[in-house]
Number of protein chains: 2
Amino acid sequence: MGHTGQRRRKPARGPQRKPGSRVHSELAAGIGRRILDGTYQPGSLLPNEAEWGEIFGASRTAVREAIKTLNGKGLLVSRPKIGSRVEPRERWNLLDRDVMAWHRAALDERTFLLSLQEIRRILEPGAAVLAAQRRSPQQLAALEKALADMQSAVARSEAMVAADVRFHLALLAAANNELLAPFGIVIEQALASMFAYTTSHAVHPEQMLPLHARVVKAIAARAPEAARKAMTELLDDTDETLGAAAGAQA
Amino acid sequence: MGHTGQRRRKPARGPQRKPGSRVHSELAAGIGRRILDGTYQPGSLLPNEAEWGEIFGASRTAVREAIKTLNGKGLLVSRPKIGSRVEPRERWNLLDRDVMAWHRAALDERTFLLSLQEIRRILEPGAAVLAAQRRSPQQLAALEKALADMQSAVARSEAMVAADVRFHLALLAAANNELLAPFGIVIEQALASMFAYTTSHAVHPEQMLPLHARVVKAIAARAPEAARKAMTELLDDTDETLGAAAGAQA
DNA sequence: GCCGCTAAATTTGTAGGACAAAAGCCGGAG
DNA sequence: CTCCGGCTTTTGTCCTACAAATTTAGCGGC
């Protein structure tokens, strides 16, 4: 990499910066993506801090802060004289927002979406049971509000997706177990990804809305098994839509 | 390469520091604990970097690295002129090893354990279904190995718990959906916590082992519903043990 | 030759100082 | 009163220097 010349660069690079996109954030994203896409395999050594600095034209300080961020997400560990080593995949916090986003970028949309839906099918019926047993009046109201928003947004796809996300997050919250919260990112990503994937294809709210309504009804009635059944059927319907879109795309 | 002589040396190690016990790690733990235990509520502002430096007697550099780590775990966000603000709980990566540990320290053992077990009852039966459908021969072997270890460790409690953990982690792995991996920490913490909680109370391996064996058998036979049922009964038994211990402690 | 100890080299960890950038605060001009 | 610009606080970045950890190499003693 021997290059001659001064080390000052980056004259260009518009001043417009997104809220959380300081230099170290971009570094974290740059390195994180390279880990998620397999450029650096688990167990392998990353370039040292000085090299990252050259690659990105940033100071060692910024590199170190980026690495500490990735450290916090379980992607790597650093040790003196050794360097930073990529952790085995099972240590990665895949449910972290950023990690999930990098992961999504590294997979094809369909594979990514299927793995998300699989998790939803395991968790959401269980969450529905807990919600039916323990939801507070406020939590029920939030659920009903989200449902109403979905109904009034039938025509506008984006608002519909947003309300749908709120619905499922409200359900998770109503289960009153905060260990379920990290899983909210799965729902957000799944619905966003599904929106991208099935757009221009058949999405039939006329079928989807009653299914959501049944979930709310069961939770309102504090009927755990009915809630589980309704949620399961909702997810069945979702997967059918997905399957149809896959067929149409192929 | 050429010759591989054995270079075993350094039998004695002095301080024997744990891998992550540098200054900034301790800072991260100190700050993280204060967030998890409610000293700093979501939405509130933390002391600025200079103040943390005084509190812990560390440089601003170390403080910043600690804060970047917590940033990566979703506990807080920092902005110039504003400071570092604690994120709402639903953004926290509760499934992160460190966050989970701080969370555990901030709750009473029983409450913590119940919330973990609740998650296990939702997830593990579903994971067992997937494992029965998709486990590879190697993954089945790992499961059988863990079961054998449990059987041969009946007398030694600690080895028993370790094998138990390996068993459930192997089951998660056999489900072949890496989004399940982050939940491994739930299992580890639940079993560790249960060991601490029920120690000196009745743990009946004579009942527990056949239940584990049934799970393996169903997965070996690629029988998803049998696997689900066996896993559910295993968890029922676990919760019974827990309930008995609770009664004894009260 | 082989062993054990020591020194060197490499990479991260910590310290501290300087300045840039962001964003709320406030006062003055119109 | 409103708007604009400077003031101020706090994080963000860069730099330099050194400490700590740990592998590698070398050197002397047996």
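Both backbone and side-chain heavy atoms feed into the values below; hydrogens, waters and symmetry mates do not. Letters A, B, ... are given to chains in the order of the sequence lines, protein chains preceding strands, and every chain is numbered from 1.
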Without decimals, in angstroms, what is the distance between [X] [atom1] and [N] [atom2]?
| X | N | atom1 | atom2 | answer |
| --- | --- | --- | --- | --- |
| B:Arg79 | C:dA23 | CZ | C1' | 8 Å |
| A:Arg22 | D:dT10 | CZ | P | 17 Å |
| A:Glu26 | D:dG12 | CD | P | 14 Å |
| A:Leu27 | D:dG12 | CG | C1' | 12 Å |
| A:Trp52 | C:dT11 | CH2 | C1' | 16 Å |
| A:Lys81 | C:dT12 | NZ | C1' | 11 Å |

Side-chain N or O of A:His24 closer than 4.0 Å to phosphate OP1/OP2 of D:dT13: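 True: A:His24 side-chain N/O within range (under 4.0 Å) of D:dT13 OP1/OP2.
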Among residues two or more places apart or on two chains, list those pairs meeting salt bridge (charged side-chain N to carboxylate O under 4.0 Å, His left out) that have a residue in residues 69-78 of chain B.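 Passing the test, one end in residues 69-78 of chain B: B:Lys73-B:Asp96, B:Lys73-B:Asp98.
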Sorted by first residue and then second, give each salt bridge (charged side-chain N to carboxylate O under 4.0 Å, His left out) pair with at least one member in residues 35-45 of chain A; sequence neighbours left out.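 Residue pairs passing salt bridge (charged side-chain N to carboxylate O under 4.0 Å, His left out), neighbours aside: none found.
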Judged by each residue's nearest nucleotide on DNA chain D, which is more toward the 5′ side, B:Ser78 or A:Ile82?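 Closer to the 5' end of DNA chain D: B:Ser78.
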Within residues 172-194 of chain B or reaching into it, pairs that qualify as ring-ring contact (aromatic ring centres under 6.0 Å, His included) - sequence neighbours excluded: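 Matches after skipping sequence neighbours: none remain.
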Would you be so kind as to tabulate the donor-acceptor pairs closer than 3.5 Å made by side chains of residues 81-88 of chain B, with sequence neighbours excluded?
{"from": "B:Ser84", "atom 1": "OG", "to": "B:Ser78", "atom 2": "OG", "distance (Å)": "2.6"}
{"from": "B:Arg85", "atom 1": "NH1", "to": "B:Gly43", "atom 2": "O", "distance (Å)": "2.8"}

Does any part of the side chain of B:Leu95, heavy atoms only, come nearer than 4.5 Å to the side chain of B:Met100, both counted from C-beta?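 Sidechains of B:Leu95 and B:Met100: in contact.
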4.5 Å side-chain heavy-atom contact, B:Phe112 and B:Leu116: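 Touching, per the 4.5 Å side-chain cut-off.
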Contact list (N/O, under 3.5 angstrom) for nucleotides 4-6 of chain D vs protein:
none

Partners meeting salt bridge (charged side-chain N to carboxylate O under 4.0 Å, His left out) with [X] (sequence neighbours left out):
| X | result |
| --- | --- |
| A:Lys68 | none |
| B:Arg64 | A:Glu65, B:Glu49 |
| B:Glu188 | B:Arg97 |

Please work out which residues in [range] have a non-hydrogen atom less than 4.0 Å from an atom of DNA chain D and list them by number.
| range | result |
| --- | --- |
| residues 57-65 of chain B | B:Arg60, B:Arg64 |
| residues 67-75 of chain B | B:Lys68 |
| residues 40-50 of chain A | none |

Hey, what do you get for [atom1] ([X]) to [atom2] ([Y]), rounding to the nearest 0.5 Å?
| X | Y | atom1 | atom2 | result |
| --- | --- | --- | --- | --- |
| B:Ile187 | B:Ile119 | CD1 | CD1 | 11.5 Å |
| A:Asn71 | A:Ile67 | CG | CD1 | 8.5 Å |
| A:Leu76 | A:Trp92 | CG | CH2 | 10.0 Å |

Listed pairs under 3.5 Å, donor-acceptor, residues 166-179 of chain A side chains, sequence neighbours left out:
{"from": "A:Arg166", "atom 1": "NH2", "to": "A:Asp149", "atom 2": "OD2", "distance (Å)": "2.6"}
{"from": "A:His168", "atom 1": "ND1", "to": "A:Arg120", "atom 2": "NH2", "distance (Å)": "3.4"}
{"from": "A:His168", "atom 1": "ND1", "to": "A:Glu124", "atom 2": "OE1", "distance (Å)": "2.8"}
{"from": "A:His168", "atom 1": "NE2", "to": "A:Asp164", "atom 2": "OD1", "distance (Å)": "3.2"}
{"from": "A:His168", "atom 1": "NE2", "to": "A:His212", "atom 2": "NE2", "distance (Å)": "3.3"}
{"from": "A:Asn176", "atom 1": "OD1", "to": "A:Gln139", "atom 2": "NE2", "distance (Å)": "3.0"}
{"from": "A:Asn176", "atom 1": "ND2", "to": "A:Arg134", "atom 2": "O", "distance (Å)": "3.1"}
{"from": "A:Asn176", "atom 1": "ND2", "to": "A:Gln139", "atom 2": "OE1", "distance (Å)": "3.1"}
{"from": "A:Asn176", "atom 1": "ND2", "to": "A:Ala174", "atom 2": "O", "distance (Å)": "3.2"}
{"from": "A:Asn177", "atom 1": "OD1", "to": "A:Leu179", "atom 2": "N", "distance (Å)": "2.9"}
{"from": "A:Asn177", "atom 1": "ND2", "to": "B:Ser115", "atom 2": "O", "distance (Å)": "3.1"}
{"from": "A:Asn177", "atom 1": "ND2", "to": "B:Glu118", "atom 2": "OE1", "distance (Å)": "2.9"}
{"from": "A:Glu178", "atom 1": "OE1", "to": "B:Arg89", "atom 2": "NE", "distance (Å)": "2.7"}
{"from": "A:Glu178", "atom 1": "OE1", "to": "B:Arg89", "atom 2": "NH2", "distance (Å)": "3.1"}
{"from": "A:Glu178", "atom 1": "OE2", "to": "B:Arg89", "atom 2": "NH2", "distance (Å)": "2.7"}
{"from": "A:Glu178", "atom 1": "OE2", "to": "B:His103", "atom 2": "NE2", "distance (Å)": "3.1"}

